[in-house]
Engineer: 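Structure provided below as structure tokens; questions to follow.
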Amino acid sequence: MRYAAIVIGGGPAGMAAACAVKESEKVLIIEREARLGGILKQCVHDGFGVIRFGEKLSGPEYADRFIEEVYARKNIDVKVLTFVTSIEKENGYYRVSTTSGAGIETHEGENLILANGCRERTARQVNIHGTRPAGLMTAGTAQNLVNLLGVNPAKRCVILGSGDIGLIMARRLTLEGSQVLGVYEAKSSPSGLQRNLQQCLYDFGIPLHLKKTVTLVHGRDRVEGVTVADVDDGMLPIAGTEEYIPCDALIVSVGLIPENELAEKLGVAMDAKTKGPIVDQYMMTTLDGVYSVGNALHVHDLVDYVSEVSETAGKDVGRRKERATIEVLSRGLGYIVPQRIDVKNLEEKTTYYFRTARETGKAKLTVTVNGVEIYSKKYSALRPPEAERVSIKHLLKAGDELKFVLEEDDGGKA
Amino acid sequence: MAERLETICIVCPNGCRLTAVRKGNVIEVSGNKCPRGITYAEAEMTAPKRSFTGTVASVFKEMPVVPVRTAGEVDKAKILEIAARTREILLTRAYAAGEVAEENVCGTGVALIVTTDMRKVTGRTEEL
């Protein structure tokens with residue numbers, strides 16, 4: 001049997017995409033873990049669903065709402081403990097090879113929805129020197145150990161990086177009785193959401209050290225301590241500012257990178273800024289019938305928007321025949337998604353997500369078509385860690401120049 | 001009680017920077033984008049509240065720990081006590097999502113509830 005869509009990844013993105021596909025179309029979700037839910041399974045904290053459901057849910061509760069829907073749908077098949085090894089493009093469809101307890105299998109799908117999430121940047125990737133003993137781990141690994149396996153990996157720890165998972169784990173480890181000595185951030189401003197600084201650090205008196213980083217890990221079998229140092233504006237350690245901190249764990253939360261090995265092998269064009277595929281407003285990549293959703297597309301702040309974006313892709317499956325795209329141009333933005341617009345299949349409104357390139361005071365976003373302003377929005381302040389969402393009504397045709405410009409209100413470039 | 005408080009609203013992801021100033025019997029709040037910010041800042045000035053989220057242990061090997069949260073907000077000052085209490089609880093049967101793991105946790109008047117359907121993970125409903 002050939003599926004209308006094969007969804008790779010059974011996290012929030014994959015589940016929302018699968019549930020949005022028309023019930024007359026067969027869908028297969030392939031998940032490598034034993035159960036659906038993705039990373040939400042280990043996000044026991046709350047704050048999920050405020051936008052979508054108007055409630056503060058924990059990760060498992062948010063996931064369960066979609067898991068129930070997936071299993072209630074007769075058109076969705078689920079394969080868990082199944083790992084995708086390769087995807088080949090055939091004439092008009094995709095052949096997905098998997099390995100699982102059932103052995104090596106292949107599945108055919110007319111469309112592919114890549115919902116395989118993102119991966120954490122590791123200590124190696126931020127050039128920390130020294131040994132690699134037990135106790136050195138990413139925040140996501142610590143979260144998995146504490147929240148799914150019930151193992152506390154740290155009694156006295158230092159957290160490097162102020163990403164949201166690091167902040168969440170600072171609180172979580174404190175609640176588990178561990179001592180969190182401090183969060184060290186090489187940048188001059190924190191990477192996480194403001195509310196997480198408040199409820200995860202300030203509430204517990206955990207110090208946040210900006211413009212400081214970990215330069216060296218000590219210990220042979222187990223972490224015994226770390227050296228921290230001030231950094232200059234180029235984020236390089238300043239000699240003479242080193243300080244030794246005894247601890248038994250270093251938890252790194254230094255960013256997330258969309259996982260796109262499969263997409264790249266398929267030949268999907270990538271965006272160097274998002275590190276995910278270039279997509280149109282239906283999340284279709286440059287390859288016909290291949291969609292990218294969730295954190296594989298770009299790293300989202302909120303799962304509510306992951307669900308929204310993924311549904312857009314699911315609804316589009318089997319709907320469009322022809323398309324004609326124009327590029328979305330921008331200035332002053334860290335990135336914008338979608339990066340191109342299918343002008344042949346415009347809906348009344350098109351939703352864009354963007355991040356500012358740098359921290360701003362009062363700023364104004366202006367959208368122009370062929371140099372004529374069609375939309376503008378003012379912001380009191382923008383920070384790169386907080387993505388913005390705008391829904392715009394525009395009429396576009398092939399050859400039009402669509403441009404987003406973000407400028408600080410004082411007249412200077414944002 | 002504090003006369004002036006600068007804080008970050010935790011109600012929604014906007015994370016508004018709030019300033020609350022006590023003027024006689026009134027607390028004036030600024031920096032909020034919505035009314036929930038006012039309620040939040042007033043509570044921060046008088047009796048701060050938080051939700052507790054964490055895990056408790058279970059007897060099931062498929063699920064050595066189970067996610068829990070308080071059914072509503074509790075006094076912020078009680079959070080660490082609740083955390084210590086959760087480290088002592090052991091669930092011996094598979095709970096449904098929303099089922100109470102412990103009533104009136106640490107005398108807060110609020111229940112500690114399980115936030116996932118353990119029966120679906122463990123495949124069993126009876127007591128071990």
Side-chain angles (χ1 to χ4, degrees), chain A residues 34-37 40-48 50-51 54 56-65 67-68 71 145-152 164 168 171-177 192-204 301-305 380-381 383 385-387, chain B residues 6-18 31 33 36-37 40 44 48-58 60-73 76-77 79-88 90 96-98 113-118 120-123:
Chain A
R35 50 187 171 116
L36 297 177
L40 284 175
K41 295 194 299 289
Q42 68 185 52
C43 296
V44 304
H45 56 280
D46 66 0
F48 303 95
V50 174
I51 292 162
K56 258 191 191 179
L57 301 172
S58 68
E61 287 171 306
Y62 190 97
D64 277 351
R65 295 195 177 192
I67 293 170
E68 273 171 30
Y71 285 112
L145 290 168
V146 176
N147 292 346
L148 289 178
L149 301 176
V151 177
N152 184 344
D164 284 309
I168 295 286
R171 172 177 65 181
R172 189 74 192 98
L173 288 165
T174 305
L175 294 175
E176 283 299 307
L193 294 177
Q194 291 289 316
R195 67 166 176 177
N196 283 338
L197 297 174
Q198 179 63 45
Q199 63 187 359
C200 298
L201 299 187
Y202 307 155
D203 269 11
F204 298 95
D301 310 341
L302 303 173
V303 72
D304 305 61
Y305 291 139
S380 55
R383 298 175 61 233
E386 284 156 21
Chain B
E6 288 190 20
T7 189
I8 299 159
C9 185
I10 63 166
V11 176
C12 90
N14 277 338
C16 294
R17 285 161 188 276
L18 305 177
K33 283 186 190 159
R36 289 179 298 178
Y40 175 76
E44 284 298 287
K49 300 270 190 192
R50 292 289 183 273
S51 297
F52 172 86
T53 59
T55 56
V56 297
S58 100
F60 300 100
K61 69 172 189 335
E62 305 88 342
M63 232 187 167
V65 287
V66 179
V68 292
R69 66 175 169 91
T70 47
E73 293 193 320
K76 183 179 156 189
I79 292 291
L80 287 174
E81 195 185 330
I82 296 172
R85 174 65 193 132
T86 56
R87 296 202 288 277
E88 299 166 354
L90 178 70
I113 60 170
V114 169
T115 68
T116 194
D117 193 339
M118 294 169 69
K120 289 203 184 113
V121 184
T122 62

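Computed over heavy atoms, backbone and side chain alike; hydrogens, waters and symmetry mates excluded. Throughout, protein chains are lettered first and strands after them, A, B, ... in sequence-line order, and every chain is numbered starting at 1.
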Engineer: Taking side chain as everything from C-beta outward and backbone as N, CA, C, O, which of these in B:Cys9 sits under 4.5 Å from a heavy atom of chain A? Side chain, backbone, both or neither.
Structural biologist: backbone
Engineer: What part of B:Val11 lies closer than 4.5 angstrom to a heavy atom of chain A: side chain, backbone, both or neither?
Structural biologist: backbone
Engineer: Under the 3.5 angstrom rule, does the side chain of B:Arg87 hit a backbone N or O of A:Leu175 as a donor-acceptor pair?
Structural biologist: yes
Engineer: To the closest 0.5 Å, what do you measure between CD (A:Gln194) and CG (B:Asn14)?
Structural biologist: 11.0 Å
Engineer: What is the minimum heavy-atom distance between B:Thr115 and A:Pro60, and which atoms define it?
Structural biologist: O-CB, 3.6 Å
Engineer: Classify the side-chain pair A:Arg172/B:Thr55 by whether it contains a donor and acceptor separated by less than 3.5 Å.
Structural biologist: yes
Engineer: So which of A:Asn147, A:Leu57, A:Leu193 has the largest heavy-atom pair count under 4.5 angstrom toward chain B?
Structural biologist: A:Asn147
Engineer: What pair of heavy atoms forms the shortest contact from B:Val65 to A:Val146, and how long is it?
Structural biologist: CG2-O, 3.7 Å
Engineer: Which one, B:Ser51, B:Pro64, B:Cys16, leads in non-hydrogen pairs under 4.5 Å with chain A?
Structural biologist: B:Pro64
Engineer: In Å and rounded to the nearest 0.5 Å, what is the CD to CZ distance from B:Glu62 to A:Arg35?
Structural biologist: 10.0 Å
Engineer: Answer with side chain, backbone, both or neither: which region of A:Leu302 has an atom nearer than 4.5 Å to a non-hydrogen atom of chain B?
Structural biologist: side chain
Engineer: Looking at CD1 of B:Ile79 and CZ of A:Arg171, how far apart are the two atoms once the value is rounded to the nearest 0.5 Å?
Structural biologist: 8.5 Å
Engineer: With a 4.5 angstrom heavy-atom cut-off, could you sort out which part of A:Gln42 is near chain B: side chain, backbone, both or neither?
Structural biologist: neither
Engineer: Side-chain donor-acceptor pair under 3.5 Å between B:Arg50 and A:Gln199, yes or no?
Structural biologist: no
Engineer: Is A:Asp64 close to chain B through its backbone or its side chain, or both, or neither, when contacts mean heavy atoms under 4.5 Å?
Structural biologist: side chain
Engineer: Quick one: closest heavy-atom pair of A:His45 and B:Thr53, and the distance?
Structural biologist: CA-OG1, 3.3 Å
Engineer: Under a 4.5 Å heavy-atom cutoff, which of A:Leu197, A:Ile51, A:Val50, A:Val44 has the most pairs with chain B?
Structural biologist: A:Val44
Engineer: Under the side-chain hydrogen bond (donor to acceptor under 3.5 Å, both in side chains) test, which residues partner A:Gln198, sequence neighbours left out?
Structural biologist: A:Asp203, B:Thr7
Engineer: Pick whichever of A:Asp301, A:Val151, A:Leu149, A:Asn196 has the most heavy-atom pairs under 4.5 Å with chain B.
Structural biologist: A:Leu149
